[in-house]
Amino acid sequence: MTEVHKNSQYDDFYSLDKPRRDAIVMLFEDELNDEQIAENVNRTRRTLAKWKNDPKFKKGQDAYKHVVIKKDYESNAIRKLNSLLSARSEMVQLQAANSILKLSGMLSDNSTPELDQARIRKANAEADIAEQKAQQLSNNVTDDLTINIVRNDRSIKNEEADNN
């Protein structure tokens, strides 16, 4: 059983009574079935099922899981990722590098250099549009705005089918 030290990061775990904390540990270790866990904490299987659906219990499970993974596995995982940076496959090297950057907070899950560049271009274009609108408003320019709608063949066919 992994020992977890008390501090604010683990409040959701330590705010639970001892039987619930023990149940969380046993559930995480996944060596006993629910009936055995309930018996070990002197509760019924039905009580354990209620606990598992309780939001406070779930928060306690998340806190415990985070702590155990951080304490027991994080350094091994980072060492493994570091060793994969020199793997034969460039794809493996790239995935390891991306994982390390994500863990460090320098790269998000939905971020790639190309996507980041596209986001920058979009933000710059939106800024240019906003600047032009502000300039028009400040100069009291009341030009008509023309909007061109481009339709593809499929939408025209769908519309024709709807009208028939």
Side-chain angles (χ1 to χ4, degrees), residues 1-127 129-130 149 151-155 157-159 161-162:
M1 186 179 297
T2 301
E3 184 180 326
V4 179
H5 299 287
K6 290 184 181 181
N7 76 30
S8 63
Q9 186 178 16
Y10 320 127
D11 283 349
D12 288 330
F13 177 72
Y14 279 105
S15 67
L16 300 171
D17 61 18
K18 182 157 176 36
R20 284 178 175 82
R21 290 194 312 262
D22 290 345
I24 286 172
V25 171
M26 287 183 255
L27 285 165
F28 183 81
E29 291 175 349
D30 199 29
E31 294 174 1
L32 304 173
N33 63 34
D34 285 0
E35 189 68 40
Q36 293 167 320
I37 292 170
E39 186 178 310
N40 280 329
V41 295
N42 298 318
R43 299 297 191 277
T44 64
R45 167 71 185 86
R46 188 173 176 177
T47 299
L48 180 62
K50 286 180 184 178
W51 287 355
K52 289 168 78 174
N53 289 316
D54 177 31
K56 286 184 179 181
F57 189 84
K58 289 179 180 181
K59 283 185 178 182
Q61 282 182 298
D62 288 342
Y64 183 78
K65 177 175 45 178
H66 178 76
V67 170
V68 171
I69 289 172
K70 184 170 184 66
K71 182 177 181 283
D72 293 347
Y73 302 106
E74 183 179 49
S75 61
N76 288 341
I78 290 173
R79 276 196 294 277
K80 183 62 173 180
L81 284 171
N82 187 43
S83 71
L84 291 173
L85 289 172
S86 57
R88 286 186 181 176
S89 165
E90 288 185 4
M91 181 57 77
V92 171
Q93 292 174 8
L94 176 62
Q95 289 172 339
N98 281 336
S99 295
I100 290 169
L101 291 173
K102 286 176 187 175
L103 287 170
S104 70
M106 297 175 69
L107 190 67
S108 69
D109 280 337
N110 57 355
S111 179
T112 63
E114 295 83 12
L115 188 55
D116 290 343
Q117 286 297 321
R119 286 184 181 136
I120 291 169
R121 285 192 305 273
K122 180 183 177 193
N124 287 335
E126 288 173 347
I129 291 168
I149 300 174
R151 297 172 48 174
N152 64 30
D153 292 340
R154 185 180 305 153
S155 64
K157 289 177 185 174
N158 288 342
E159 186 175 311
D162 288 343

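Residue numbers start at 1 and run along the sequence shown.
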Distance (rounded to the nearest 0.5 Å) between Met26 CE and Asp34 CG: 11.0 Å
Close side-chain approach of Leu27 and Phe57, heavy atoms under 4.5 Å: yes
Residues Lys59, Asp62: salt bridge by 4.0 Å N-O rule: no
Thr47 side, atom OG1; Asn42 side, atom CG - distance, nearest 0.5 Å: 11.0 Å
Pairwise side-chain contact, Leu85 with Ile100, heavy-atom cut-off 4.5 Å (strictly under): yes
Side-chain donor-acceptor pair present, Arg79, Asn82, cut-off under 3.5 Å: no
Heavy-atom side-chain contact between Val67 and Phe13 under 4.5 Å: no
Residues, nucleotides or ligands: over 12 heavy atoms within 6.0 Å of Gln36 CD: yes
Approximate separation, where rounding is to 0.5 Å, of Asp12 CG and Gln61 CD: 11.5 Å
Arg43 vs Leu48 side-chain heavy atoms within contact, under 4.5 Å: no
Closest heavy-atom pair and its distance - Leu84, Ala96: CB-CB, 3.8 Å
Value rounded to 0.5 Å, distance of CD in Glu126 from CG in Asn124: 9.5 Å
Short side-chain to backbone donor-acceptor contact, Asp54 and Lys50, under 3.5 Å: no
Minimum-distance pair of heavy atoms, taken over all atoms of Glu35 and Arg45: OE1-CB, 3.4 Å
Donor-acceptor contact present, side-chain Arg21 to main-chain Leu16, <3.5 Å: yes
Atom pair CG/OG of Leu94 and Ser99 - distance to nearest 0.5 Å: 9.0 Å
